[in-house]
There are 2 protein chains.
Amino acid sequence: MNLDEILDAIYLLPKDSKAKLRDLVTEVTFPKGHILLREEKVERSIYFIKKGIVRAFSIKPEKEHTFWFGSEGETAMSMQSYINDLKGYESIQLLEYSELYKLNTAALKKLFSEDIHISNWGRRFAELELVKTEERLISQQFHTALERYTVLVASNPDLIQRVQLGLIASYLGITQVSLSRIRAELK
Amino acid sequence: MNLDEILDAIYLLPKDSKAKLRDLVTEVTFPKGHILLREEKVERSIYFIKKGIVRAFSIKPEKEHTFWFGSEGETAMSMQSYINDLKGYESIQLLEYSELYKLNTAALKKLFSEDIHISNWGRRFAELELVKTEERLISQQFHTALERYTVLVASNPDLIQRVQLGLIASYLGITQVSLSRIRAELK
DNA sequence: TCTTAAATTTTACAAATGATAAAAAAGGAA
DNA sequence: TTCCTTTTTTATCATTTGTAAAATTTAAGA
């Protein structure tokens, strides 16, 4: 997914505004396993995923929890850093070799105050992330691990192929043993 | 909490922009038990809570789940309606007599395209809701019901007084009986 | 291909949680 | 206050989920 498609999917910008935004972006690549951003650090960039797959996780009390998978077209970022210039809860790691568009947020914020179209782009960006986050919350709260697993498989079949089960179990909030039990019953 | 305080807490607006925004707001009051908005309906307004306490819930398959409590200064709304003009998942009910500021969203969206300050106010509004929603998601995913209960009590002591336990249990994702067990152990 | 390491599944047992029913306590209305 | 309804707690039992360890499968490198 190229940069124009990613930007347009958020909000359609006039040519000159879009050029200003595109100027803030550089392309970067990293190998599998690379830690894109670290929890407890203030992150100065956000990353649109051109190609690849990543996970967000946090090492809370001892245990590591994976709570998000991102792939082509999605944004890898720390909300707390982007929105409040605070340390993020999450680390983000590449689960395969990935190509990313890196966007400096300080420069972006400057454009928000200067260009109403870019300001509306930024509003739309936050709104779309908000809806996605709310959907995750509701799925988490209303559905059993089994239901969420079947939805995940249906909506993202390659994820199961590309990501190891322990991480998916963590994402579903259950142990790997429980996920194995679920998978055994589905056969 | 009055309207100015609520608007300012989101983003500081120049006088004239703020006046335009304030003109879209009317004050409404409803008795305890009133359903402010209904799931499966497109909602045309958002409500800032001046005084009172509300809950969002959804009647998914048979059972009713409470997944949010809002009080003074917070916003009662359907994200799906506000952001995508779609039906919301949630109903919102007043748990006590409440006073609310009602804001028409169609008119607000018009201002977004006309006034860069209001556009940035709208961006900030979405961003702040996003951080709150992410915090709820992370709390849900990383913490046990007991931990979330103690956090809830610590951060919102009057909630426990004002809201019945069955709703809090539903919010925590456990049965009322389990919550009773938790409370008994904390003594 | 063979060997070794990593990932996944299975099993057994223990602990936590849910369902149900019933008792106790609290709150409201007359 | 007294009665009645609602809410909360307690008790029992069945089910689910986690932990730990072993068995199996899959993948990777030499």
Side-chain angles (χ1 to χ4, degrees), chain A residues 31-34 53-55 57-67 69 93-97 139-153 156-187, chain B residues 31-34 53 55 57 59-67 69 93-97 139-153 156-187:
Chain A
K32 174 173 177 172
H34 177 78
I53 193 164
V54 309
R55 70 170 179 129
F57 66 99
S58 182
I59 302 168
K60 274 285 157 174
E62 307 170 35
K63 282 193 186 176
E64 181 185 300
H65 290 259
T66 292
F67 62 94
F69 294 110
Q93 181 181 40
L94 309 195
L95 297 176
E96 31 183 73
Y97 162 83
S139 146
Q140 180 85 5
Q141 195 131 11
F142 286 25
H143 300 292
T144 63
L146 184 140
E147 289 168 336
R148 284 181 290 129
Y149 177 72
T150 54
V151 167
L152 189 68
V153 172
N156 220 333
D158 42 323
L159 195 81
I160 312 299
Q161 308 306 322
R162 289 156 86 184
V163 175
Q164 67 195 55
L165 279 192
L167 299 182
I168 292 172
S170 172
Y171 174 77
L172 296 173
I174 57 179
T175 61
Q176 184 168 343
V177 173
S178 287
L179 180 54
S180 251
R181 283 195 271 242
I182 285 173
R183 283 158 61 94
E185 283 196 15
L186 289 178
K187 281 175 194 163
Chain B
K32 174 174 179 171
H34 177 77
I53 194 163
R55 69 170 180 130
F57 66 100
I59 302 166
K60 273 285 157 176
E62 306 170 37
K63 283 192 184 174
E64 180 184 300
H65 291 259
T66 291
F67 62 95
F69 294 108
Q93 181 182 40
L94 309 195
L95 297 176
E96 30 182 74
Y97 161 84
S139 147
Q140 180 83 6
Q141 194 131 13
F142 288 177
H143 300 291
T144 63
L146 183 142
E147 289 168 335
R148 284 181 289 129
Y149 176 73
T150 54
V151 167
L152 189 69
V153 172
N156 219 334
D158 42 322
L159 195 80
I160 311 300
Q161 310 305 322
R162 289 155 86 184
V163 175
Q164 67 195 55
L165 277 196
L167 299 182
I168 292 172
S170 172
Y171 173 78
L172 296 173
I174 57 178
T175 60
Q176 181 170 341
V177 174
S178 286
L179 180 53
S180 246
R181 281 197 274 242
I182 285 173
R183 283 157 60 96
E185 284 195 14
L186 288 180
K187 280 172 197 164

(Q) Angle between ring planes, F142(B) versus F67(A), binned at 30° and 60°: parallel, tilted or perpendicular? (A) perpendicular
Q. I174(A) versus I182(A): any side-chain heavy-atom pair under 4.5 Å?
A. yes
Q) Do I160(A) and R183(A) come within less than 4.5 Å of each other through their side chains, counting heavy atoms only? A) yes
[atom1] of [X] to [atom2] of [Y]: how many Å apart, nearest 0.5 Å?
X	Y	atom1	atom2	value
L146(A)	E185(A)	CG	CD	7.5 Å
Y97(A)	K32(A)	OH	NZ	14.5 Å
T66(B)	L167(B)	OG1	CG	4.5 Å
H65(A)	Q141(B)	NE2	CD	8.0 Å
H143(B)	T150(B)	NE2	OG1	9.5 Å
F69(A)	N156(A)	CZ	CG	9.5 Å

Q: Could you verify whether a donor N or O on one side chain and an acceptor N or O on the other, from R148(B) and Y171(B), lie under 3.5 Å apart?
A: no
Nearest whole angstrom, please: distance from the [atom2] of [N] to the [atom1] of [X].
X	N	atom1	atom2	result
R148(A)	dT17(D)	CZ	P	11 Å
H65(A)	dG18(D)	NE2	C1'	13 Å
I160(A)	dT26(D)	CD1	P	17 Å
I182(B)	dT8(D)	CD1	C1'	14 Å
L186(A)	dT8(C)	CG	P	16 Å
R162(A)	dA27(D)	CZ	P	16 Å
E185(A)	dT9(C)	CD	P	13 Å

**Q.** Under 4.0 Å protein heavy-atom contacts per nucleotide of nucleotides 23-30 of chain C, with B for base, S for backbone only and - for none
**A.** --------
Q | Sugar-phosphate, base or nothing in reach of A145(B), heavy atoms under 4.0 Å | A | nothing
Q. Does any N or O in the side chain of E64(B) come within less than 3.5 Å of the main-chain N or O of I59(B), such that one atom is a donor and the other an acceptor?
A. no
Nucleotide N/O of nucleotides 19-21 of chain D paired with protein N/O under 3.5 Å:
| residue | atom | partner | partner atom | Å |
| --- | --- | --- | --- | --- |
| dT19(D) | OP1 | K63(A) | NZ | 3.1 |

Q: Give a yes/no on whether any side-chain N or O of Q176(B) is located under 4.0 angstrom from OP1 or OP2 of dT8(D).
A: yes
**Q.** Positions of residues 164-174 of chain B (non-hydrogen atom under 4.0 Å from DNA chain D), listed by number
**A.** Q164(B), L165(B), G166(B)
